[in-house]
Amino acid sequence: MVSIRSEGVGDLTAATRRTESGPALLPLRWRAYRAPRWWFEVTVLVVLDLVYEQLRNLVPTHQQEAINRGWRLLEFTQDLNLDIELTLNQFLVRHEWLAQIANYDYSFLHLPVTGGTLIWLFWRHRRVYKTARTVLVFTTILGLIGFWIVPMAPPRLLPGAGFVDTVVYFKTFGSWGTPTVADNSNLYAAMPSLHCAWALWVGLCVFFVARNRVVRTIAVLYPIWTVFVVMATANHFVFDAVAGWACIAISTAAVWALFGHNPWHPAMTKEELTLTRDPKDHRQAKLVD
C-alpha cells in the first residue's frame, strides 16, 4: 500500500481525521481513497475536453441576442459604477509590451497551466487529486450550461462601445482574431468566464497543497492576474469573472457535500474512514463500558 507521506500530503493523525471528515452524501466505498488509474483519468479528461470543445462551438450563437445581452450587462455595470473594463482596455492598448503578455496569456496559457496542475496533483498528491479534479469537471459543466443558456457577446464585439480587441490590434498569433480560429469558435461564450474559473481552481489547488510560501503567494495572485487579463483584453466583463468564480464556489460546495471534506484535503482510505470517530462517540463508549 502506498503511504500517505510518500504521496506528499503529510501524515493524517486521528485528530486531523476528525477535522477533515464529516457527513457525506456518497457511500463510504465511493468516497474512500483508492489510487487513481492513469488510463481512467486520461479518458475522463479527454472526453471532457472533447465535450467542451464540441459543445462550446455548437452553442446557439443568436448573434443579435448575444450582442443585446452584452449591452445590457455593460449598462448594468455602468449603473453600479463597476464598469472598469474600458479603463483597463485603454490602459493595455497604451502599453504594447504588457498587451502582448496578456494576449498570449489569454490565448495559450490557461490550458497548459490547468493541465499541468492536474498532472502535478496526480503525480505528487494523489489523495487530493480525485476531489480536486471533480471540482474542475463540475465547474466546466456549469460553464457549458451557461454558454448554452446565456449566449453573450464579449466587450470587444459590442459595436460602438469603444473597446479595442487587443489580440487583433497587436496581431497576436493564434488569437481569436485569426480567421481559422474565429471561424471554428463560438464567439459568444463569454458568460461565465472559464478562464477565470480555471485560474481560481489552479490557485486553490496550489495554495492548499503546496508548502512553499512563494509558490502559494503566486497561486493567490494568478487568479487576480487572470481577471485583469480577460477584462483588459476586452474578452470579458467583470461579472463574467464573478460568474466563473461562482461556478467554482458551487462546485466546491457540491464536492464537499458529496465527499464530506474540503476537496483540497487528503482523502482517507476505507480503513481510515472506518477508524474515524467523533470525540462524542468515545465518551459514549466509555459510559457504556
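Counting from 1, the numbers follow the sequence of the chain as shown.
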Greater than 12 external heavy atoms within 6.0 Å of Y169's OH: no

Short side-chain to backbone donor-acceptor contact, S193 and A241, under 3.5 Å: no

Cation-pi geometry met for R124 and F122 (6.0 Å, 45°): no

Derivation of the side chain to side chain contact (heavy atoms under 4.5 Å, CB included) call for Y104 and L109: CA-CA 7 Å; Y104 281 104; L109 194 61; over 6 Å; no

Mutual orientation of the aromatic rings belonging to Y106 and H195 [parallel < 30°, tilted 30-60°, perpendicular > 60°]: parallel

Sequence neighbours excluded - side chain to side chain donor-acceptor pair (under 3.5 Å) pairs with any residue from residues 34-45: E41-Y129, E41-R133

Parallel, tilted or perpendicular: rings of H261 and F259 (30°, 60°): perpendicular

Polar contact flag, side-chain donor to acceptor under 3.5 angstrom, W198-T140: yes

Sidechain-backbone polar pair: T77 side chain, L74 backbone, donor-acceptor under 3.5 Å: yes

Flag, side chain of W71 to backbone of L158, donor-acceptor distance under 3.5 Å: no

Verdict with supporting geometry, L73 and R69, side chain to side chain contact (heavy atoms under 4.5 Å, CB included): CA-CA 6 Å; L73 183 58; R69 189 175 284 116; 5.9 Å; no

Any donor-acceptor N/O pair, H236 side chain to A190 backbone, under 3.5 Å: yes

Set of ring pair (Phe, Tyr, Trp, His ring centres under 6.0 Å) partners for F239, sequence neighbours left out: F76

Check: F170 main-chain N/O paired with Q100 side-chain donor or acceptor under 3.5 Å: yes

Just list the side-chain donor-acceptor pairs under 3.5 Å for residues 214-225, sequence neighbours left out, or say none.
unit_1 : atom_1 : unit_2 : atom_2 : d
R216   : NE     : F207   : O      : 2.7
R216   : NH2    : F207   : O      : 3.1
T217   : OG1    : R213   : O      : 2.8
W225   : NE1    : D105   : OD2    : 2.4

Any donor-acceptor N/O pair, N89 side chain to V164 backbone, under 3.5 Å: yes

Test log, rule side chain to side chain contact (heavy atoms under 4.5 Å, CB included), inputs F237 and V242: CA-CA 9 Å; F237 292 102; V242 171; over 6 Å; no

Parallel, tilted or perpendicular, as decided by the 30° and 60° cut-offs, for the rings of F208 and W264: parallel

